[in-house]
Amino acid sequence: MRTSTASIPCALGRLAPASPASSDELRAMRAAAWHKQGIVVVPLDEIFDEWDRAFLSGIATKLYGARTAASRKSTPWAEGEVIDRGDGETWTVIATTPRCVTVQRSRDGALATLGQLGEARP
């Protein structure tokens, strides 16, 4: 684990542990989730059998909705970009800062952050 301070911008941020940086540490976390809680975390790009990849992708789509081109990209969100989460709701990015992206729901104009929606990008 890294020993640097956490980058959470709050008073308790310095108490939060740093996230693992290496792929070995992330793999160890996935293994621990499987052994302790029965949770499977598998990056699709690590599944080489086409049938297995399609099978797991289908399960994830049923549980969490379809992935969109916007949800797969790793670049920052741009103002005016429309986010379709696959659940019938669409959101439009109205403001961005280095730490927060504010979106507005098309249906009723409700405001939220991507962190609240679980759509935050690294």
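Start at 1 with the first residue, then count along the sequence.
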List for me each residue that meets side-chain hydrogen bond (donor to acceptor under 3.5 Å, both in side chains) alongside [X], sequence neighbours excluded, and say none if there are none.
{"X": "Ser57", "value": "none"}
{"X": "Ser106", "value": "Thr90"}
{"X": "Glu89", "value": "Arg107"}

Going from [atom1] on [X] to [atom2] on [Y], what distance comes out if it is rounded to the nearest 0.5 angstrom?
{"X": "Glu81", "Y": "Thr92", "atom1": "CD", "atom2": "OG1", "answer": "10.0 Å"}
{"X": "Leu56", "Y": "Leu44", "atom1": "CG", "atom2": "CG", "answer": "7.0 Å"}
{"X": "Phe55", "Y": "Ile47", "atom1": "CZ", "atom2": "CD1", "answer": "10.5 Å"}

Please check if Ile59 and Trp51 belong to a single hydrophobic cluster, counting links between Ile, Leu, Val, Met, Phe, Trp and Tyr side chain heavy atoms closer than 4.5 Å. yes

Answer whether the closest heavy-atom distance between the side chains of Thr113 and Val101 falls below 4.5 Å. no

Partners passing side chain to side chain contact (heavy atoms under 4.5 Å, CB included) against Ile94 (at least two apart in sequence or in another chain): Thr102, Gln104, Leu111

Contacts of Arg30 meeting side chain to side chain contact (heavy atoms under 4.5 Å, CB included) (sequence neighbours excluded), chain-then-number -> Leu26, Arg27, Val41, Pro43, Glu46

Could you give all pairs that pass the ring pair (Phe, Tyr, Trp, His ring centres under 6.0 Å) test and reach residues 27-48, with sequence neighbours left out? none

Closest non-hydrogen contact found for Asp52 with Asp49 is N-OD1, 2.9 Å

Using the test salt bridge (Lys or Arg N to Asp or Glu O under 4.0 Å), find all partners of Asp24 that sit at least two apart in sequence or belong to another chain. none

